[in-house]
Amino acid sequence: MSVTRLPVLVWRDHEGHFTAALVDQPEYAAFGTSAQDCLQQLRHHLTWLQRNEPWYFPESSGDECKLIRVAVDVRPEYVVGRQRHPSEPIRVTVPCVHSELTGGLHACAIPPLQLWFSFHEADKLRELAAHYVREALQGKSPAQVARLLNAAEYELADVLVTAPEERKTRAERRYESLETVAEALGERALRRQFSRAWEREREIHELSRRVKNDRANVLLVGPPGVGKTSVLASAARELERQLEGDVERRRFWLTNGSRLIAGTPYLGQWEERLEAVIAELQGFQGVLCIENLLELVRLGGHDASDSVGAFLIPYMNHRELQVVAEATPEELDACRRLLPGLADAFQVLRVEPFDASSALRVLDRIAQAGARNLRVETGNDVVHTVFRLFRRFRPYDAFPGKAAAFTSGLIQQAASAEQRKLEQQAVTDRFVDETGLPELLLRDDLPLAEPDVLAALSARVIGQEAACRAAAGVITTFKAGLNDPGRPLGVLLFSGPTGVGKTELARAMADYLFGHGETHERLVRLDMSEYTGHGASERLVSDASGGPSDFIKRVRSQPFCVVLLDEIEKASPDVFDMLLAVFDEGRLTDRFGRVTSFQSSVLIMTSNLGAGREGGLGFGKARGPDYDAEVMRFFRPEFYNRLDAVVAFAPLHEQTIRAIAEKELRELAAREGMAGLSLSWDEAVAALVASAGFDQRYGARPLQRALEELVVTPIARELASNPDRRQARLHLSVQQGRVVLQWA
């Protein structure tokens, strides 16, 4: 395709409006609220002119143009009848666009006055411009002069007009640009990636009608997983089926904002690519299908006003491009806020989530299709179990969405294992693998006693019975199904001195609740001292390019987790404001309308508030400070009132430190390098480790370092020198203040 570059003069009047006119033919002009809008109008008109009336299309000299501002003294006149009354002389600034022609000639254009003249000597430009301007303004009143030269500033720009390709026969027609950035929805390989839109006949019919009969731009709006893409693919299949005898059956092309601009690092490249894509789509009335509307707003420029979406708006409004896009309700609200013109270019078609009966019918039809195609039998108990698990433990996922994919995956897994019947236990096992939840919490027929939970947590966190009891309460409430489904499973604030087990209890809860699946690490930990100062809340949810932050990616990939916000008091107040919505609704929405759910997460914050006061150290017998009062004093009431509990951790006592030392020794015996060894020790060993690992400022935190130094290092040195001792018995004792190894 050939590209024609035409110089344009753009000027802004004192009211803030813009005018753009071709330098050589100023009758081609546009008026708007921004320079970019005027240039877009000119480009669209000239593109249409070149395609439909090429004999009127202006020629470009291709010469380099320069903008020169010339001051001219003019004398407007008032005309009354046949008499002229000159006014006082005034000085006006006239924009002169100078270019060099072939043969040594020069040219000057003054678009606001529609003047153009040529001359030989370049240094005569100002003199000649003043002469022609006075001649053009002769007999004009001051008001007329002001209308013609009422500009606050002038700027020289250009428009690029792409010439259409030569006409080809249908059989020869190609899709070079389209195939670079999109895939034809009619292709069988792509169609197979999308499930059928069960129970969506009304939405499919309505979308087909609007696309075919109204030639409208349609926006499918619904929560994630509701089946928007399946509706689009089914409607495309129906419409293309009606064109069975036509060579051009690939009418619908699927893409996204990232693909549209991929590989275009230089200014103007992606615009030229999109113009070529639009030209190809116009050749056969094709439809561009966008997977995510919000990407069009985010990508392409510095902000929404120069984004890909802003570029497409005029083409959509002038019916030169037909688009079908998808968005969630939150993304549509963000688009209306950031780029309202793009949202207004669409007709909205709502795709609502299924109710319980419809969801069960869809899951049943998926099961029947699996039985028919893969010969895997599924009973009603399987379908009802899938529905119950997703409604109970993933209430934020719209049906059919992930429940349909889960059911299809189960059937395919059974077919791969050559199983002819899918059992209910297989549903539970797969759900455990994906979520990490233990079967004990998934099945209503299995009891869970709070003392059992308390014992499991207390074995991990020694000497903090009150804190473990509060954590056990969150777990038993979740087991009973009495937690608020619209909030996180629990919002807890662990307060107390350092080194007393706050982080360890968060790990214990993560392991107990979510540590039973394929991925065992379910603790997402953030150091909130990194989120201070200006823009802290934005850094929490977004990376430098505007995409989701690492924290958001982890929660989205695995919503069943414990989120630990360490030293929450050090975060910026903006972060506290953002967390209020998470505590209330279990959802975090960024400025682009992207939603992250925390309704399957436990939120735990740790704080050392009050730890520096008397009695607030990590070890001792003295009564500590009132941590709850310290928390109330620091946080705003609306933040404090959204906490489910403020859990105060007590300072550790000597017997507690001894018990922790015993626990660390037992865990040492279970390490991989101790395999084959039978390890035992005297009580004096635990007492020595506890004494060496005690620090009044840091609680039990130095205990691990003392264990490594006094016990682990001597054992490692001995095993490295004598590998044959790995099948022996090792007893530890204390002599003269040192740990002694005794082999047997």
* To do: Using atom types as modelled and distance alone, determine if a side-chain donor or acceptor of R539 lies under 3.5 Å from a backbone N or O of E530.
  => yes
Name every donor-acceptor pair, under 3.5 Å, that has one atom in a side chain of residues 706-713 and the other anywhere in the protein, sequence neighbours excluded.
{"from": "E708", "atom 1": "OE2", "to": "R671", "atom 2": "NH1", "distance (Å)": "3.3"}
{"from": "E708", "atom 1": "OE2", "to": "R671", "atom 2": "NH2", "distance (Å)": "3.1"}
{"from": "E708", "atom 1": "OE2", "to": "Q704", "atom 2": "NE2", "distance (Å)": "3.1"}
{"from": "T713", "atom 1": "OG1", "to": "E708", "atom 2": "O", "distance (Å)": "2.8"}

* Asked: In this structure, are over 12 heavy atoms from other groups packed under 6.0 Å from R636 atom CZ?
  -> yes
* Asked: Quick one: do the S607 and E569 side chains pair a donor with an acceptor below 3.5 Å?
  -> yes
* Examine the side chains of T589 and E330 and answer whether a donor and an acceptor come within less than 3.5 Å of each other. => no
* Between R469 and E465, is there a salt bridge with N-O shorter than 4.0 Å? -> yes
* Asked: Could you walk me through whether E521 and L523 pass the side chain to side chain contact (heavy atoms under 4.5 Å, CB included) check?
  -> CA-CA 6 Å; E521 180 54 47; L523 181 69; 3.4 Å; yes
* Asked: Do the two ring centres, one from F583 and one from Y640, sit under 6.0 Å apart?
  -> no
* Heavy-atom distance under 4.5 Å between the side chains of L513 and F478, does that happen here? -> yes
* Asked: Do the non-hydrogen side-chain atoms of F514 and T435 ever get within less than 4.5 Å of each other?
  -> no
* Could you tell me whether a side-chain N or O of K502 sits under 3.5 Å from a main-chain N or O of P497, the two making a donor and an acceptor? => yes
* From the options L580, D577, V631, select the one residue that forms a side chain to side chain contact (heavy atoms under 4.5 Å, CB included) with F639. => L580
* From CG (L448) to CZ (R443), nearest 0.5 Å -> 13.5 Å
* side chain to side chain contact (heavy atoms under 4.5 Å, CB included) between Y512 and R460, worked out -> CA-CA 11 Å; Y512 192 95; R460 292 277 301 271; over 6 Å; no
* To do: For residues L505 and F649, determine if any side-chain heavy atom of one lies less than 4.5 Å from a side-chain heavy atom of the other.
  => yes
* Donor + acceptor pair across side chains of H731, D682 (<3.5 Å) -> yes
* To do: With side chain to side chain contact (heavy atoms under 4.5 Å, CB included) as the test, would you mind laying out the steps for S549 and L540 before giving the verdict?
  => CA-CA 7 Å; S549 64; L540 184 66; 5.9 Å; no
* Asked: Quick one: does V427's side chain get under 4.5 Å of R388's, heavy atoms only?
  -> no
* Compare every heavy atom of P223 with every heavy atom of V351, then report the nearest pair and how far apart it is. => O-CD, 4.0 Å
* **Rounded distance [0.5 Å steps], CG in L360 versus CZ in F387** => 5.0 Å
* To do: Could you walk me through whether S358 and R361 pass side-chain hydrogen bond (donor to acceptor under 3.5 Å, both in side chains), step by step?
  => CA-CA 5 Å; S358 298; R361 285 199 301 272; 3.1 Å; yes
* Compare all side-chain heavy atoms of P559 with those of R394 and state whether any distance is below 4.5 angstrom. => yes
* Do L609 and S495 have side-chain heavy atoms sitting under 4.5 Å apart? -> no
* State which residue, out of V383, I366, D364, fulfils the side chain to side chain contact (heavy atoms under 4.5 Å, CB included) condition with T407. => I366
* Could you tell me whether the side chain of R392 reaches within less than 4.5 Å of the side chain of L442, counting heavy atoms only? => no
* Do the side chain of S601 and the main chain of L603 share a donor and acceptor less than 3.5 angstrom apart? -> no
* Test side chain to side chain contact (heavy atoms under 4.5 Å, CB included) applied to L579 and L565, step by step -> CA-CA 11 Å; L579 290 176; L565 307 178; 4.0 Å; yes
* To do: Answer whether the closest heavy-atom distance between the side chains of R587 and Y396 falls below 4.5 Å.
  => no
* Asked: More than 12 non-hydrogen atoms from neighbouring residues, nucleotides or ligands closer than 6.0 Å to CD on Q742, yes or no?
  -> yes
* Asked: For atom NZ of K570, is the number of surrounding heavy atoms from other residues, nucleotides or ligands below 6.0 Å larger than 12?
  -> no
* Asked: Ring centroid separation for F393 and F560, is it under 6.0 angstrom?
  -> no
